[in-house]
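Here is the structure we will look at, set down as structure tokens.
Please read these numbers as outputs of a predicted model, since none were measured by experiment.
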Amino acid sequence: MALSEADVRQIARLSRIHLDDDRAARLTVELNSILDSLQPIKDVDLSGVEPTFHPIEGLVNVLREDAVVEPLAREEALRNSSSVEDGAFLIPTILGGGDDA
Amino acid sequence: MSIIDIASLSAREITSGIRERQFSAREVAQSALDAVARRDEAVRAFLQVTPELALAAADKVDSAVASGEPLGPLAGVPIGFKDNMHQIGTRMTCASKMLENYECVFEATCVGKALSAGSLPIGKLNMDEFAFGSSTETSAFGTTNNPWDLERVPGGSSGGSAAAVAAGMTTVTLGSDTGGSIRQPASLCGVVGFKPTYGVVSRYGVVAFGSSLDQVGPFGKTVSDVALTMNAIAGHDPLDCTSQPSAVDFTSNLDHGVEGMRIALVPAMIDAEGVEPEVREATYEAARNFERLGAVITEVELPHAELAMSAYYIVGPAEASSNLARFDSIRFGHRASEAQSMGERYDLSRLQGFGPETIRRIMLGSYLLSAGVYNEYFLPAQKVRTLITDDYHRAFEKVDAILTPTAPRAAFRHGEIQDPTAMYLSDMFTISINIAGNSGISVPVGLGKDSGLPVGVQLIGKHFDDANLLRVAAALESCYEIDRVAPMARG
């Protein structure tokens with residue numbers, strides 16, 4: 001099942017990356033080539049095999065003591081943002097603007 | 001010109017020289033900074049050099065020496081950190097425009113531990129953007145050059161970490177390894193690079209790529225230096241729930257040899273297509289050396305290892321696409337100033353901030369995790385992961401370590417490999433170890449007969465048997481009389 005350019009545009013929407021026409025065309029070729037190289041995984045018989053989501057077995061949940069710890073100071077948390085106002089992150093309007101976000 | 005030259009010294013020689021007051025930590029720091037000034041214009045391993053931090057750390061060591069206070073295991077040892085590690089007082093870019101101006105507000109556990117052990121931070125090291133690559137060519141700030149041949153790549157993604165050691169600019173460095181990103185550049189630059197068992201070193205504060213695959217580890221000129229660094233950085237961290245307690249002294253049995261140990265070759269790997277003859281020969285020579293040391297050389301099959309590449313290029317991008325969702329331009333990262341709406345701001349900031357390989361991996365991962373596709377690729381990949389892990393478990397019932405090439409070939413030229421899927425083959429021998437979580441180390445075994453460039457072999461160990469793997473590596477290392485820094489760093 002090859003990816004179409006429309007599929008690639010849909011993936012870009014899911015990934016929140018703007019694609020111009022050139023790049024969409026190029027990525028369609030590249031992603032299809034990568035997917036072709038992943039074919040071996042589709043050809044192998046995996047009936048009765050359980051998935052492994054984590055390489056180390058036997059991990060158990062350990063809860064830390066419910067103690068107050070010093071959090072990152074607000075000015076530190078905001079230090080790397082390019083839009084800050086009144087001690088908060090400033091973002092464009094997201095309600096009522098007819099925006100897709 | 002400084003009084004001493006760190007290029008010729010191991011971490012052990014530096015710590016004992018400082019303890020015995022043959023030289024000061026400040027002289028060591030100055031020597032490392034001089035080496036950077038002399039050689040990094042050609043090598044370009046560093047994205048940022050931190051002389052103030054290095055000299056301040058050196059002064060702390062020197063005053064501890066003067067007052068007779070106890071010294072840490074890395075006291076006075078020049079170190080560099082891959083630029084995906086948070087270090088207070090530095091920028092951290094992940095070699096991406098996305099984080100070009102990011103200033104660290106907290107510290108990675110591995111960095112903090114290395115620094116409290118007394119090491120001297122020389123700077124932050126170049127890498128493939130967000131660690132996506134095997135050549136350091138995807139760095140947004142230019143590639144690093146291999147100190148053995150400046151026209152060639154240092155490997156990647158931790159290319160700067162390998163090159164800085166090979167060029168004698170630092171004594172040890174830290175890197176991260178998701179599919180071979182420590183071992184492959186170590187091989188290409190002729191240094192030792194160790195990926196511990198998953199969970200041995202905390203990942204906290206190291207920008208995540210594939211969370212179930214990533215592991216931090218050291219580079220050094222010798223196995224002993226790598227073991228010394230492991231003593232400083234290993235152990236449980238409340239801030240990484242996958243990290244494990246470590247009560248091991250990684251240096252304790254380095255000289256115990258391999259007599260009677262069983263070390264296995266994997267015929268299918270040595271004979272694999274794309275492996276250069278000089279790499280094959282070097283691997284067999286390593287096996288003969290083990291035999292001379294009294295080890296038993298045997299063979300094991302890893303029948304599902306050939307599926308590792310496909311599984312990795314599903315699991316890795318899937319986890320990466322999730323991890324890189326945090327780069328939304330709001331809390332940190334590049335912001336597209338022309339964006340009018342929130343949606344545009346996400347879409348344009350990410351387009352402008354990420355390079356082509358990063359965009360490819362995010363797109364691939366988003367697709368692989370999307371509804372309907374999950375069952376076609378991601379779930380089968382995780383089942384293959386079970387098969388690969390079981391292969392290793394079965395193999396390690398019979399043997400103590402597995403010996404393979406680290407990379408199919410020596411360092412290639414800049415720009416020589418353009419096709420992304422061809423580049424992915426650089427990691428054909430290293431990837432399955434991350435899939436299964438085992439430890440792996442690349443040990444330099446001299447220069448290739450045809451290329452004249454460094455070649456490494458990989459040793460693979462059982463889960464949490466890291467100290468024994470280092471012992472096997474140290475035994476192999478003892479068979480070779482080789483230069484551990486490139487010619488440019490000698491004399």
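Contacts of A:Ile11 with chain B are made by both backbone and side-chain atoms, with heavy-atom separations under 4.5 Å. With a threshold of 4.5 angstrom between heavy atoms, A:Leu46 approaches chain B through its backbone and through its side chain. For a residue to count as touching a neighbouring chain, one of its non-hydrogen atoms must lie under 4.5 Å from one of that chain's; by this rule A:Val8 touches chain B with backbone and side chain alike. With a threshold of 4.5 angstrom between heavy atoms, A:Arg26 does not approach chain B through any atom at all.
Side-chain N/O atoms of B:Arg335 and A:Ser82 include a donor and acceptor closer than 3.5 Å.
Shown here for B:Gln340 and A:Pro92, the closest heavy-atom pair between the two residues is O-CB, 4.0 Å. Between B:Ser310 and A:Leu38 the shortest heavy-atom distance is O-CD2, 3.5 Å. Contact record, B:Leu307 with A:Ile41: O-CD1, 4.2 Å, taken as the closest heavy-atom pair. Between B:Ser370 and A:Leu14, the shortest heavy-atom contact is CB-CD1, 4.2 Å. Between B:Asn101 and A:Asn80, the closest heavy-atom pair is O-OD1, 3.7 Å. Minimum heavy-atom separation, B:Ile359 to A:Leu27: CG2-CD1, 4.0 Å.
Pairs passing the salt bridge (Lys or Arg N to Asp or Glu O under 4.0 Å) check and including a residue from residues 75-86 of chain A, sequence neighbours excluded, read A:Glu76-A:Arg79, A:Arg79-B:Glu103. Pairs passing the side-chain hydrogen bond (donor to acceptor under 3.5 Å, both in side chains) check and including a residue from residues 59-70 of chain A, sequence neighbours excluded, do not occur.
When each of B:Lys383, B:Arg385, B:Gln382 is tested with A:Thr52 by the rule side chain to side chain contact (heavy atoms under 4.5 Å, CB included), just one qualifies, namely B:Arg385. The side chain to side chain contact (heavy atoms under 4.5 Å, CB included) with A:Ser15 is formed by just one residue from the set B:Ile362, B:Leu324, B:Leu364; it is B:Ile362.
Taking the six-membered ring wherever Trp is involved, the centroid distance between the rings of B:Tyr346 and A:His18 does not fall below 6.0 Å.
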- Would you please test A:Glu30 and B:Arg360 for salt bridge (Lys or Arg N to Asp or Glu O under 4.0 Å) and show each step? CA-CA 8 Å; A:Glu30 289 169 352; B:Arg360 250 192 308 273; 2.9 Å; yes
